[in-house]
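Worksheet for the structure shown next.
As the structure is a prediction and not an experimental result, all values here were calculated from the model.
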Amino acid sequence: MVLEASPTKCPWKICEEYHIHEDVGFALPNPLEELPHPFDAWISIAKNLTPLIENGELRAEVEKLPMLSIDDLQGHKSQRLAHLVLGYITMAYVWDRGDGDVRKVLPRNIAVPYCKLSEKLGLPPILVYADCVLANWKKKDPSGNMDILFSFPGGDCSKGFFLVSLLVEIAAASAIKVIPTIFNAIQHQEQDTLKTALSDITSYLKKALEVFQEIHGKYHVDPNLFFNVLRIYLSGWKGNPLLPEGLLYEGVWDTPKKFAGGSAAQSSIFQCFDVLLGIRQSTGEASAAAFLQEMRTYMPPAHQNFLHSLESGPSVREFVLSKSDTSLQAIYNECVKAMVSLRSYHLQIVTKYILIPAHKQSKKNQTSEEPSDLENKGTGGTDLMSFLKSVRGKTEEALL
């Protein structure tokens, strides 16, 4: 449990078992960049994805890889790096040039180690947010500049998109650290302490929004490159008409399996603060609520356990409602409004990076007046706008 109110009323704290770092939050601190021989063959392909794809050599190189046993991959960070690398290789193998020439079978030399490693880590065998954002970064220099470890085709698009997402995670890490203070304040009926802590969370969430806006600034991501290139490599094989039956993992399962692509819904941040503030997404549109629950299974198990532990903690919302304290209610509302602002901005991003380019594409192809279902879907396979509007709507309903 995050917080365990023992008979001695010991203070709540975030346990190490949840893999939450005080500086980078849910992100993996200082990820490894290299794997030992013979796994360096995987790294070599992942580092050279773009030229291999452009030269039409990627699939042949993947098929030549030897079958490796993951038994020699010791340590959480080595295993996370291997999962990231095999995720990149799998996406590149399936989608290749992104021109519709799709592979429906992942060869056993990749499928077998990938699925065994996924089982060990409690993650699905597809590139997830915990891979491409949380474990895909390094410090480039002592001044704090950062870079990603691996890129897809599309120039700096991968770097901008993944780093902005990571920096939002890091900005929110400060807010996560305040959670035990909030639970302790409720336990001891300390309203002033609670007010300060909620105000702190509001300011950290506002900081996260400022970082998010760097997608147009320092880490500029080109909307057309994102839509026409990067988005393809993040797409999964669940609810995707290009792979209607899913992907066959050769040597693992006899039938194809369906997995959703990487999605911001796989970030633990939003769900963490929904739970903390008593924002009940489960009462929203059925498909949106079900999708959010499903996306929890794409998070590292330690982070899933953290969310479960928050759900069993004291209710901030109920405590605020039980006190006739207008200033406490106003401070709580500011916190909820910060979540609404983040979600409103996410809607703007989706409009700019998916809906507008999809409409342009549709007009260019002159196939129909409206973009196709596939073009309007997120990489996780959802109908994006209705999902995000439902989630924002439920957040607004939490205002007192």
Side-chain angles (χ1 to χ4, degrees), residues 18-21 24 26-49 62 65-95 106-138 148-152 158 162 165-166 169 233-238 247 249-253 257-263 265-268 295-305 379-380:
Y18 296 124
H19 291 189
I20 298 169
H21 190 269
V24 297
F26 293 111
L28 187 68
N30 302 311
L32 295 182
E33 296 178 42
E34 300 291 345
L35 289 172
H37 183 77
F39 305 103
D40 53 347
W42 295 346
I43 298 274
S44 178
I45 288 184
K47 280 186 174 171
N48 293 289
L49 281 189
V62 171
L65 284 168
M67 170 83 83
L68 300 178
S69 164
I70 62 151
D71 294 342
D72 295 330
L73 268 177
Q74 298 301 317
H76 183 71
K77 286 189 176 181
S78 288
Q79 292 167 3
R80 287 288 294 275
L81 175 56
H83 198 268
L84 165 67
V85 167
L86 291 172
Y88 261 81
I89 291 171
T90 296
M91 294 318 224
Y93 186 84
V94 170
W95 304 120
L106 188 65
R108 67 179 63 239
N109 60 336
I110 289 294
V112 172
Y114 192 19
C115 290
K116 283 186 175 172
L117 183 61
S118 297
E119 188 179 5
K120 189 173 271 211
L121 287 169
L123 292 169
I126 190 169
L127 188 77
V128 292
Y129 184 93
D131 298 319
C132 59
V133 173
L134 302 183
N136 185 27
W137 64 279
K138 64 179 178 181
I148 56 174
L149 305 182
F150 307 101
S151 293
F152 286 112
S158 297
F162 295 148
S165 303
L166 173 73
E169 294 278 336
Y233 295 103
L234 299 179
S235 300
W237 26 95
K238 181 172 184 177
L247 180 70
Y249 293 78
E250 188 181 57
V252 183
W253 294 295
K257 298 292 175 184
K258 297 179 182 180
F259 293 105
S263 159
Q266 294 168 6
S267 164
S268 303
M295 287 302 99
R296 280 202 190 185
T297 68
Y298 286 68
M299 299 173 188
H303 298 164
Q304 295 180 46
N305 293 339
T379 46

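- Rounded to the nearest 0.5 angstrom, Arg296 CZ and Gln304 CD are separated by 8.0 Å.
- The only option from Tyr129, Phe26, Tyr18 that meets the ring-ring contact (aromatic ring centres under 6.0 Å, His included) definition with His303 turns out to be Phe26.
- To the nearest 0.5 Å, atom CG of residue Leu117 and atom CG of residue Leu86 are 6.5 Å apart.
- Annotation: the span from Asp71 atom CG to Lys116 atom NZ amounts to 7.0 Å, rounded to 0.5 Å.
- Listed here is the closest heavy atom pair of Tyr233 and Trp95: CA-CD1, 4.0 Å.
- Put simply, the side chain of Arg80 does not reach to within 4.5 Å of the side chain of Pro31, judged on heavy atoms.
- Considering every non-hydrogen atom in both Asn109 and Val62, the closest pair reads ND2-O, 2.9 Å.
- When all heavy atoms of Leu149 and Glu33 are compared, the pair lying nearest together is CD2-CG, 3.6 Å.
- Here Leu127 contributes atom CG and Leu234 contributes atom CG; the two are 6.5 Å apart, rounded to the nearest 0.5 Å.
- Taking OG of Ser268 as the reference point, atom CD1 of Ile20 lies at 7.5 Å (rounded to 0.5 Å).
- Summarising the geometry, atom CG belonging to Leu123 is positioned 10.5 Å from atom CD belonging to Gln79; distances are rounded to the nearest 0.5 Å.
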Given Glu34 and Asp40, is the side chain to side chain contact (heavy atoms under 4.5 Å, CB included) satisfied, shown in steps? CA-CA 7 Å; Glu34 300 291 345; Asp40 53 347; 5.6 Å; no

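- Residues Val85 and Phe39 have side chains not in contact (no heavy-atom distance under 4.5 Å, counting atoms from C-beta outward).
- Taking the six-membered ring where the residue is Trp, Phe162 and Phe152 present perpendicular rings, their angle passing 60° and hence far from 30°.
- Scanning all heavy atoms of the two residues, the minimum distance from His76 to Leu28 falls at CD2-CD1, 3.9 Å.
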After noting the C-alpha distance and the side-chain angles of Gln266 and Val133, does the key distance pass the side chain to side chain contact (heavy atoms under 4.5 Å, CB included) rule? CA-CA 10 Å; Gln266 294 168 6; Val133 173; over 6 Å; no

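- Taking the side chain as every heavy atom from C-beta outward, Val252 and Tyr114 never approach each other to under 4.5 Å.
- Considering every non-hydrogen atom in both Leu32 and Ser78, the closest pair reads CD1-OG, 3.4 Å.
- Taking every heavy atom of both residues into account, Tyr249 and Pro125 meet most closely at OH-O, 2.7 Å.
- Between Val128 and Phe259, the closest side-chain pair of non-hydrogen atoms is not below 4.5 Å.
- Put simply, the side chain of Phe150 reaches to within 4.5 Å of the side chain of Leu81, judged on heavy atoms.
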